[in-house]
Peer 1: 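My structure is below; once you've seen it, I'll send some questions.
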Amino acid sequence: MQRLRARLAGSQGGFGRGLLALLSRDKLDEDTWESIEDTLLTADVGVAPTQQVVDNLRTRLRVEGGESPDPRTVLREELVELVGPDLDRRLRITGEDGRPGVVLVVGVNGSGKTTTVGKIARILVAEDKSVVLGAADTFRAAAVDQLATWGERVGVEVVRGPEGGDPASVAFDAVKSGVDRGVDTVIVDTAGRLQNKAGLMDELGKVKRVIEKQAPVTEVLLVLDATTGQNGLIQARVFSEVVDVTGIVLTKLDGSAKGGIVVAVQRELGVPVKLVGLGEGPDDLAPFDAGAFVDALLG
Ligand code: GDP
């Protein structure tokens with residue numbers, strides 16, 4: 001998590017540090033509380049959670065004689081609580097009855113889906129797991145080629161179909177290959193065209209149905225670009241109405257000043273952030289940990 005700290009601190013200074021500076025002032029007057037509120041809102045934490053944290057901080061940092069509490073300790077505790085220290089963030093990558101676990105990766109184009117699929121494969125291979133990738137984003141030839149490149153790099157099979165072919169058919173073939181070969185995990189990259197919710201619903205619904213003829217989908221990861229703020233939240237909502245999302249991957253956290261999106265999206269969807277993308281490189285994906293994340297924000 002050293003790297004997370006360096007990345008967050010490097011690009012955004014972490015909104016936690018701004019809060020800490022405000023809370024460390026000699027006098028916590030109304031102007032200061034307003035600035036604290038603004039800092040949280042600007043970081044995309046959302047209105048209700050912001051109010052909650054400000055209320056808690058006000059109560060806990062009120063000095064009533066005796067020793068004043070340490071602002072850093074109190075702030076850290078409040079932010080960790082906000083991020084959710086007890087959420088189950090484990091990836092469900094293994095199947096049952098000798099069948100592979102199937103991870104469906106969804107999200108709008110450009111959010112970092114294909115890159116994330118490659119990075120997850122790399123992590124699994126490093127753990128000696130066998131993996132098959134399905135390039136079901138058949139609408140973008142570049143996406144299929146990009147996944148094929150990841151496959152070569154990581155050393156895993158990539159199942160692909162003809163350009164413009166049926167995504168469900170590629171997903172079916174990928175999972176079939178995984179079942180036949182007895183691999184641990186099949187990861188399926190999907191297309192993320194959001195122009196038409198009914199179309200998306202049809203497509204993802206069909207992809208899921210054909211996969212489940214062979215093995216249950218064990219994890220549906222929604223990939224979300226952390227730099228997109230409120231717009232990203234709207235997209236997240238649409239996807240969660242179409243498929244049962246079980247985890248969020250927040251990408252491009254290295255380039256975002258809005259770490260608060262972690263809080264907002266978890267509240268919005270009621271599912272935990274499980275992984276974070278911290279750059280374009282193959283190793284730039286990390287499991288999400290509330291304490292480490294808050295420490296990185298505090299710098
Ligand atoms: P897709 O269309 O959703 O499959 O998105 P891609 O995987 O093609 O990613 C879109 C762009 O985002 C590419 O240039 C990636 O290298 C970049 N990208 C993906 N994840 C991250 C991340 O965590 N940090 C940064 N800085 N860039 C990322």
Side-chain angles (χ1 to χ4, degrees), residues 1 3-14 44 91 103-123 133-154 156 158-161 163-164 167 170-171 174 187-195 200 203-204 207 220-229 231-236 238-240 242-243 245 247-259 261-262 265 273-289 292-293 296:
M1 277 292 147
R3 207 154 44 103
L4 172 60
R5 185 171 307 179
R7 293 282 160 89
L8 284 174
S11 62
Q12 64 176 338
D44 276 341
L91 282 182
V103 181
L104 199 58
V105 181
V106 305
V108 289
N109 289 337
S111 58
K113 265 189 320 300
T114 306
T115 309
T116 299
V117 170
K119 289 174 178 174
I120 296 175
R122 185 176 162 94
I123 291 173
L133 303 181
D137 185 355
T138 54
F139 291 89
R140 287 193 310 139
V144 177
D145 291 342
Q146 199 184 329
L147 198 65
T149 305
W150 272 101
E152 278 168 30
R153 188 188 285 175
V154 177
V156 300
V158 179
V159 175
R160 53 195 290 179
E163 192 183 336
V170 177
I187 313 175
V188 180
D189 190 16
T190 63
R193 296 158 307 142
L194 253 194
Q195 293 87 329
L200 181 77
E203 186 173 301
L204 283 181
V207 164
V220 180
L221 290 177
L222 172 65
V223 177
L224 208 61
D225 177 342
T227 64
T228 55
N231 198 17
L233 284 184
I234 294 168
Q235 295 164 4
V238 172
F239 275 94
S240 70
V242 173
V243 276
V245 175
I248 300 154
V249 182
L250 207 55
T251 57
K252 310 186 193 181
L253 213 49
D254 50 308
S256 165
K258 300 183 180 292
I261 191 89
V262 170
V265 73
V273 172
K274 293 192 170 178
L275 297 164
V276 285
L278 299 167
E280 299 188 73
D283 295 320
D284 294 330
L285 185 75
F288 183 79
D289 174 84
F293 178 68

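Note that these values count all heavy atoms, side chains included, but never hydrogens, waters or copies made by symmetry. Atoms within a ligand are numbered from 1 in the order they appear, just like the ligands themselves. One is the number of the first residue; the rest follow in order along the sequence.
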Peer 1: When you look for heavy atoms under 4.0 Å from ligand 1, do you find them on the side chain of L278, its backbone, both, or neither?
Peer 2: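 The backbone, only.
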Peer 1: With nothing but distance in play, are any N or O atoms of D254 less than 3.5 Å from an N or O of ligand 1?
Peer 2: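 N/O-N/O distance below 3.5 Å exists for this pair.
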Peer 1: Purely on distance, is any nitrogen or oxygen of K113 under 3.5 Å from one on ligand 1?
Peer 2: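 For ligand 1, there is an N or O atom that lies under 3.5 Å from one belonging to K113.
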Peer 1: Give me the nearest non-hydrogen protein atom to atom 11 (C) of ligand 1 as residue plus atom name, then the distance to 0.1 Å.
Peer 2: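 Ranking protein heavy atoms by distance from atom 11 (C) of ligand 1, first comes K252 NZ, 4.0 Å.
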Peer 1: Minimum heavy-atom separation for T190 to V106, with atom names?
Peer 2: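 Nearest pair, atom of T190 first, then V106: OG1-CA, 3.5 Å.
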Peer 1: Would T114 count as being in polar contact with ligand 1, using the rule that some N or O on each side must be under 3.5 angstrom apart?
Peer 2: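 Min N/O separation from ligand 1 is below 3.5 Å for T114.
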Peer 1: Please state which part of D137 comes within less than 4.0 Å of ligand 1, counting heavy atoms only: side chain, backbone, both or neither.
Peer 2: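 Neither; nothing of D137 gets under 4.0 Å from ligand 1.
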Peer 1: Assess whether side-chain contact (heavy atoms from CB on, under 4.5 Å) is satisfied between L233 and I261, documenting all intermediate values.
Peer 2: CA-CA 8 Å; L233 284 184; I261 191 89; 4.0 Å; yes
Peer 1: Just jot down the ligand 1 atoms closer than 4.0 angstrom to any heavy atom of V108, in number order.
Peer 2: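 Answer for ligand 1: 3 (O).
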Peer 1: I need the minimum non-hydrogen distance between G229 and D44, along with the two atoms involved.
Peer 2: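 For G229 versus D44, the nearest heavy atoms are CA-OD2, 3.2 Å.
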Peer 1: First locate atom CG of D225, then atom OG1 of T251, and finally report the distance between them rounded to the nearest 0.5 Å.
Peer 2: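 That separation rounds to 4.5 Å.
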Peer 1: If you round to the nearest 0.5 Å, how far is NZ of K113 from CG of L224?
Peer 2: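 L224 CG to K113 NZ: 11.5 Å, rounded to 0.5 Å.
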Peer 1: Under a heavy-atom criterion of less than 4.0 Å, does D225 contact ligand 1?
Peer 2: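 For ligand 1, residue contact (heavy atoms, under 4.0 Å) with D225 is absent.
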Peer 1: side-chain contact (heavy atoms from CB on, under 4.5 Å), that's the test. Do L221 and T116 meet it? Break it down for me.
Peer 2: CA-CA 10 Å; L221 290 177; T116 299; 5.6 Å; no
Peer 1: Which residues satisfy the side-chain contact (heavy atoms from CB on, under 4.5 Å) test with A191, sequence neighbours excluded?
Peer 2: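 Partners of A191 by the side-chain contact (heavy atoms from CB on, under 4.5 Å) criterion, ordered by chain and then number, come out as D137, F139, R193, E203.
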Peer 1: Does S111 have a heavy atom less than 4.0 Å from any atom of ligand 1?
Peer 2: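 Within the 4.0 Å threshold, so yes.
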Peer 1: Give yes or no for whether the N/O distance cutoff of 3.5 Å, strictly under, is met between Q146 and ligand 1.
Peer 2: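 N/O-N/O distance under 3.5 Å: yes.
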Peer 1: So does K119 pair up with D284, basic N to acidic O under 4.0 Å?
Peer 2: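 No, this pair does not count.
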Peer 1: Among protein heavy atoms, which lies nearest atom 27 (N) of ligand 1, and at what distance?
Peer 2: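 Going by distance alone, atom 27 (N) of ligand 1 is nearest to E280 CG, 3.3 Å.
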Peer 1: Specify the protein heavy atom at minimum distance from atom 5 (O) of ligand 1: its residue, its atom name, and the distance to 0.1 Å.
Peer 2: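 For atom 5 (O) of ligand 1, the nearest protein heavy atom comes out as G112 N, 3.1 Å.
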Peer 1: What pair of heavy atoms forms the shortest contact from K252 to S111, and how long is it?
Peer 2: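 Here K252 and S111 meet closest at CE-O, 3.8 Å.
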Peer 1: List for me each residue that meets side-chain contact (heavy atoms from CB on, under 4.5 Å) alongside V144, sequence neighbours excluded, and say none if there are none.
Peer 2: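 Expected list: A135, R160.
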Peer 1: What is the nearest protein non-hydrogen atom to atom 7 (O) of ligand 1, stated with its residue, atom name and distance?
Peer 2: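 Going atom by atom, the protein heavy atom closest to atom 7 (O) of ligand 1 ends up being T115 OG1, 2.5 Å.
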Peer 1: Looking only at distances, please establish whether an N/O atom of ligand 1 is found under 3.5 Å from an N/O atom of G110.
Peer 2: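 It does: an N or O of G110 is found under 3.5 Å from an N or O of ligand 1.
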Peer 1: Show the atoms of ligand 1 that are less than 4.0 angstrom away from any heavy atom in G277.
Peer 2: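 So the atoms of ligand 1 that pass are 23 (O).
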